[in-house]
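Some notes on the structure that comes next.
Any value given below was found using the heavy atoms of this structure, including those in side chains, with hydrogens, waters and symmetry copies removed. In what follows, chains are A, B, ... by sequence order, proteins preceding strands, each numbered from 1.
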Protein chains: 2
Amino acid sequence: MSHDDVYPASLQCGDCPIRHRAVCARCEANELDELESVKYYRSFEAGQTVIWSGDKMDFVASVVSGIATLTQTLEDGRTQMVGLLLPSDFVGRPGRDRAAYNITATTDILMCCFRRKPFEELMERTPHIAQRLLQMTLDELDAAREWMLLLGRKTAREKIASLLSIVARRDASIRHRRTDNRLTFDLPLTREAMADYLGLTLETVSRQISALKRDGVIELEGKRHVTVPDMERLMIEAGDDSDGGLIV
Amino acid sequence: MSHDDVYPASLQCGDCPIRHRAVCARCEANELDELESVKYYRSFEAGQTVIWSGDKMDFVASVVSGIATLTQTLEDGRTQMVGLLLPSDFVGRPGRDRAAYNITATTDILMCCFRRKPFEELMERTPHIAQRLLQMTLDELDAAREWMLLLGRKTAREKIASLLSIVARRDASIRHRRTDNRLTFDLPLTREAMADYLGLTLETVSRQISALKRDGVIELEGKRHVTVPDMERLMIEAGDDSDGGLIV
DNA sequence: CGACCGCTTGAGTCCCATCAAAGACTGTGG
DNA sequence: CCACAGTCTTTGATGGGACTCAAGCGGTCG
């Protein structure tokens with residue numbers, strides 16, 4: 001166990017990189033002050049477990065930087081990822097004192113934590129927080145439902161293509177590199193994590209990636225660096241609605 | 001097309017069967033009055049489509065009675081159910097003017113509709129509504145994630161057992177018939193709807209139900225009337241965490 | 001009665017999981 | 001420097017679980 005205690009000396013909410021996307025997005029100056037008084041930072045290294053399902057959890061948090069995963073498991077070890085936590089995503093549930101899922105850091109991550117009780121009280125008094133949280137939860141619900149369609153009805157090849165196109169689009173929307181329809185990005189996940197996300201085995205993931213490469217749908221440089229020569233082609237492989245889903 | 005216009009003469013919120021569970025659960029008398037002024041009822045017959053994905057939707061609603069389904073489809077017709085709407089469940093999304101899913105009435109249903117714009121304005125002013133909606137949305141998100149585990153990792157037999165145990169428990173919690181661990185209920189879904197829910201084909205659903213019957217896990221009377229002689233046994237077949245999920 | 005719908009059951013096929021082995025890369029220690 | 005272990009990944013061989021295609025049953029409705 002090395003240091004999961006590299007807390008930033010102090011980060012002002014005003015300077016926070018997720019200030020305008022996280023649960024605090026709508027807060028005004030005085031509301032931020034209140035949040036600031038109950039917040040603290042925690043960081044975790046890639047591979048570390050943030051919390052185990054069922055564990056006591058007396059904080060809620062925002063992911064400031066890095067990537068984490070939300071997973072559920074069956075007794076015999078079968079694992080399904082049920083969410084991917086990206087910067088600005090919210091962790092935990094007000095009113096619930098135990099974690100419902102395993103949270104694992106995929107990369108090094110920094111989280112902005114709020115003690116749960118004070119946060120809940122603050123939420124009662126501050127509609128801006130509840131409103132934003134509602135929005136974010138509705139978005140997550142939509143994402144979960146899109147994923148249900150993928151898990152229930154798509155083939156392995158379509159699943160891989162879907163994941164790649166989602167990562168590609170997210171990446172393109174962050175760095176505004178809209179060079180034609182050619183896109184390049186890094187996969188933030190191992191083959192195993194992809195398998196857990198897609199409801200496949202890692203062997204099948206590997207095979208289907210190889211197949212997409214062989215068929216010219218994607219190009220690979222190393223294991224993780226992907227370029228998509230023709231985004232439209234990839235979308236077709238994903239089997240989604242034609243146009244390409246405007247929803248983030 | 002027969003009459004989908006059997007509106008109840010008038011139903012006072014105070015007498016509403018879902019008064020204390022729906023989105024209005026936390027509202028006080030004066031808030032109810034406001035809701036009452038923008039509400040109207042619509043009913044649909046079993047089998048009717050309430051709305052198509054992508055259609056304009058200028059209302060949100062609560063299911064008062066009956067059952068409806070939320071489904072998503074791929075271009076080639078593959079269908080996945082992404083939600084089951086039971087009495088008190090909320091339909092639509094504030095701030096979104098088009099339906100994201102197909103909604104179909106499984107039984108005759110009655111919906112309490114609110115014009116969207118006034119509802120949104122009311123929500124801004126009425127934290128009680130937003131708070132309740134947040135709770136309900138978080139519950140739905142949990143349900144969706146549990147379903148992701150089922151879709152991604154469970155076998156056909158486990159999927160069927162899971163569905164049966166969910167319906168059984170819900171039914172038992174409504175009518176307080178806790179006779180030992182023997183339970184009896186009706187399936188509200190056709191084999192095809194079950195298949196769409198579980199990410200299976202209707203043939204596989206039928207075969208697995210037959211198998212569970214043959215193995216004595218369930219007993220069948222007709223096609224829809226199920227009795228579970230030993231609830232614990234069913235839970236084991238479902239592959240879930242041992243104890244049996246206290247979460248409603 | 002015949003048509004239709006929901007459901008069951010059978011036969012054959014295929015996609016993906018499983019089991020197994022080996023390649024690519026990294027870091028560690030002799 | 002290289003040997004070695006460990007992790008991540010690829011690829012092959014095999015089998016099985018669920019899908020597909022197809023036929024038939026029982027009930028309801030026109």
Side-chain angles (χ1 to χ4, degrees), chain A residues 2 45-48 74 76-80 104 106-107 150-164 186-215 218-226 237 239, chain B residues 2 45-47 69 74 76-80 104 106-107 150-164 186-215 218-226 237 239:
Chain A
S2 44
E45 296 183 343
Q48 273 192 311
L74 263 19
D76 61 6
R78 281 174 287 175
T79 299
Q80 176 65 50
T104 310
T106 292
T107 65
L150 176 145
L151 291 172
R153 294 304 185 191
K154 288 191 177 179
T155 65
R157 185 181 176 100
E158 288 169 336
K159 285 178 175 181
I160 298 289
S162 298
L163 178 60
L164 292 175
D186 283 310
L187 277 173
L189 302 173
T190 65
R191 299 287 186 262
E192 187 179 18
M194 292 172 67
D196 286 343
Y197 207 175
L198 300 170
L200 298 171
T201 60
L202 65 90
E203 293 95 329
T204 298
V205 170
S206 182
R207 267 185 257 273
Q208 294 298 334
I209 289 182
S210 297
L212 288 175
K213 177 181 168 189
R214 175 169 24 78
D215 298 345
I218 60 172
E219 294 159 18
L220 274 183
E221 204 173 329
K223 312 297 188 187
R224 299 287 196 88
H225 195 73
V226 181
E237 293 283 357
Chain B
S2 44
E45 297 183 344
T69 65
L74 262 19
D76 61 6
R78 281 175 288 175
T79 299
Q80 176 66 51
T104 309
T106 291
T107 64
L150 177 145
L151 290 172
R153 295 303 186 192
K154 288 190 178 179
T155 65
R157 186 182 174 99
E158 288 169 335
K159 286 179 176 181
I160 298 289
S162 298
L163 178 60
L164 292 176
D186 283 310
L187 277 172
L189 302 173
T190 65
R191 299 289 186 261
E192 186 178 18
M194 292 173 67
D196 286 343
Y197 207 177
L198 300 170
L200 298 171
T201 58
L202 66 90
E203 293 96 329
T204 299
V205 170
S206 182
R207 268 186 256 274
Q208 293 299 336
I209 289 182
S210 297
L212 288 175
K213 177 181 168 189
R214 174 168 25 77
D215 298 346
I218 60 172
E219 295 158 16
L220 274 184
E221 203 173 330
K223 311 298 187 187
R224 299 286 196 89
H225 195 73
V226 181
E237 293 284 356

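Atom pair A:R153:CZ and C:dC16:P shows a separation of 14 Å (rounding to whole Å applied). B:E221 places its CD atom 17 Å from the P atom of D:dG26, with the value rounded to the nearest Å. If you take CD of B:Q208 and C1' of D:dC19, they are 13 Å apart, rounded to a whole angstrom. To the nearest angstrom, P of C:dT8 lies 11 Å from CD of B:E203. In this structure, CD of B:E192 is placed 12 Å from P of C:dC5, rounded to the nearest angstrom. Between A:L187 atom CG and D:dC8 atom C1' the separation is 13 Å, expressed in whole Å. Put simply, CG on A:L202 is 18 Å from P on C:dA22, counting in whole angstrom units. For A:R191 and C:dA17, the CZ to C1' distance is 18 Å, given to the nearest whole Å.
With hydrogens and angles disregarded, no donor-acceptor distance shorter than 3.5 Å links the side chain of A:R207 to the backbone of A:L202. A donor-acceptor pair is defined here as one N or O able to donate and one able to accept, closer than 3.5 Å; such a pair exists between the side chain of A:Q80 and the backbone of A:D196. Judged by distance alone, with hydrogens and angles left aside, the side-chain atoms of B:S210 form a donor-acceptor pair with the main-chain N or O of B:S206 at under 3.5 Å.
At a threshold of 4.0 angstrom between heavy atoms, the contacts of B:R224 are confined to the sugar-phosphate backbone, with no base atom among them. At a threshold of 4.0 angstrom between heavy atoms, the contacts of B:G222 with the nucleic acid are absent. A:S206 comes within 4.0 angstrom of a nucleotide base, judged by non-hydrogen atoms across all strands. Residue A:G47 is classed as having no contact, given no heavy-atom separation below 4.0 Å to the nucleic acid. Within the nucleic acid shown, A:S210 comes within 4.0 Å of sugar-phosphate atoms alone, with no base atom in reach, counting heavy atoms only.
Of all heavy-atom pairs spanning B:R224 and B:T190, the tightest one is NH2-CG2, 3.3 Å. The two atoms that bring B:K159 and B:L151 nearest to each other are NZ-O, 3.8 Å, heavy atoms only.
Residues B:L189 and A:L200 both approach DNA chain C. Their nearest nucleotides, taken by heavy-atom distance, put B:L189 toward the 5′ side. Summary of the strand contacts: B:T155 and B:K223 both lie near DNA chain D, and taking for each the nucleotide with the nearest heavy atom, the more 5' one is attributed to B:T155.
Taking 4.0 angstrom as the limit, A:T201 places a side-chain polar atom (N or O) nearer than this to OP1 or OP2 of C:dA17.
Across C:dT18, C:dC7, D:dC19, the shortest atom-to-atom separation from the side chain of A:R207 is found for C:dT18.
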